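Input: a single structure, listed below in structure tokens.
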Amino acid sequence: MSEKKSPYEAIGGIDKVDELVDRFYDLMALESGLVELRAMHPPDLSDSREKLKFFLTGWMGGPDVYSPKYGHPMLRARHLPFKIGIKERNQWLVCMYKAMEDCGITGEVATQLEEAFLKTADWMRNQPN
């Protein structure tokens, strides 16, 4: 019997996480429909890229590299300063789903990640509909 792979392993590990996060932030800057999402981020995205790469690595079942450096993720608390409604949630999801597609993350693992991203992104909302 084979052991089920984590999403982290299934997509290809750290190299694919790096590619995914870089594409995510590149799309945010390129797509005119994502201006509100981009405006929530600092001009220099270096720290944002590192934090998301570290977070997603552990979140997808890889090594915990986020917590030793930044502490507990406390996702909702860290995002409370930003107004996140349905529009912002949807922009984030569009950007992440497109990044996954562009990086060749498909099939069962893509479906699993899309569902998990939707659940997490919706949980981050702090504004009424």
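It should be emphasised that the depicted structure is a prediction, and the values quoted were computed from it without experimental measurement.
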Show the numbers, then the answer: is there a side chain to side chain contact (heavy atoms under 4.5 Å, CB included) between Met96 and Leu113? CA-CA 10 Å; Met96 184 56 76; Leu113 287 172; over 6 Å; no
Could you walk me through whether Glu88 and Leu37 pass side chain to side chain contact (heavy atoms under 4.5 Å, CB included), step by step? CA-CA 6 Å; Glu88 294 79 13; Leu37 180 62; 5.8 Å; no
Evaluate Cys95 against Glu31 for side chain to side chain contact (heavy atoms under 4.5 Å, CB included), listing each step before the verdict. CA-CA 9 Å; Cys95 194; Glu31 300 291 330; over 6 Å; no
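Taking the side chain as every heavy atom from C-beta outward, Phe24 and Leu45 never approach each other to under 4.5 Å. Proximity of Arg23 to Leu30: side-chain heavy atoms (C-beta onward) are separated by under 4.5 Å at one or more points. Residues Asp47 and Pro42 have side chains not in contact (no heavy-atom distance under 4.5 Å, counting atoms from C-beta outward). Side-chain contact between Lys119 and Glu115: absent, with no pair of heavy atoms (C-beta onward) separated by less than 4.5 Å.
Shortest non-hydrogen contact noted between Leu118 and Tyr97 is CB-OH, 3.6 Å. Closest heavy-atom contact between Gly61 and Tyr8: C-CB, 3.9 Å. The heavy-atom pair separating Ser46 from Asp44 by the smallest distance is OG-OD1, 2.7 Å. The shortest heavy-atom contact between Met28 and Leu34 is CA-CD1, 4.0 Å. Residues Glu19 and Lys16 share a closest heavy-atom pair of OE1-NZ, 3.1 Å. Across all their heavy atoms, Leu75 and Met124 have their closest contact at O-CE, 3.0 Å.
Using a cut-off of 4.0 Å between Lys/Arg side-chain N and Asp/Glu carboxylate O, Glu50 and Lys69 are scored as salt-bridged.
In this structure, the separation between CH2 on Trp92 and NE2 on His79 is 8.5 Å, given to the nearest 0.5 Å. A distance of 13.0 Å separates CD in Gln127 from NZ in Lys87, rounded to the nearest 0.5 Å. Interatomic distance, Ser67 OG to Met74 CE, rounded to the nearest 0.5 Å: 10.0 Å. Once rounded to the nearest 0.5 Å, the distance linking CZ of Arg125 with CG of Asn90 reads 9.0 Å. Atom CD1 of Ile105 sits about 12.0 Å away from atom CD of Gln112, to the nearest 0.5 Å. Atom CG of Asp122 is separated from atom CD1 of Ile84 by 11.0 Å, given to the nearest 0.5 angstrom.
With hydrophobic clusters built from ILVMFWY side chains whose heavy atoms lie under 4.5 angstrom apart, Val21 shares a cluster with Ile14. By the rule that hydrophobic residues join a cluster once side-chain heavy atoms approach within less than 4.5 Å of another member, Trp123 and Phe55 end up as members of one cluster. Taken together through direct or relayed side-chain contacts under 4.5 Å among Ile, Leu, Val, Met, Phe, Trp and Tyr, Leu52 and Leu80 form parts of separate hydrophobic clusters. The hydrophobic cluster containing Phe117 does not contain Ile86, counting ILVMFWY residues as joined when their side-chain heavy atoms lie under 4.5 angstrom apart, directly or transitively.
Within the structure, ring-ring contact (aromatic ring centres under 6.0 Å, His included) pairs that include any residue of residues 31-51 comprise Tyr25-His41 (at least two apart or interchain).
Applying side chain to side chain contact (heavy atoms under 4.5 Å, CB included) to Met100 and the options Ile11, Thr106, Leu20 leaves one that passes, Leu20.
When the side chain to side chain donor-acceptor pair (under 3.5 Å) test is applied to Arg76, no partner is found at least two apart in sequence or on another chain. Partners of Asp22 according to the side chain to side chain donor-acceptor pair (under 3.5 Å) rule, which considers only residues two or more places apart in sequence or in another chain, are Arg49, Lys53.
Aromatic rings of Trp59 and Tyr66 (six-membered ring for Trp) have centroids beyond the 6.0 Å cut-off, not under it.
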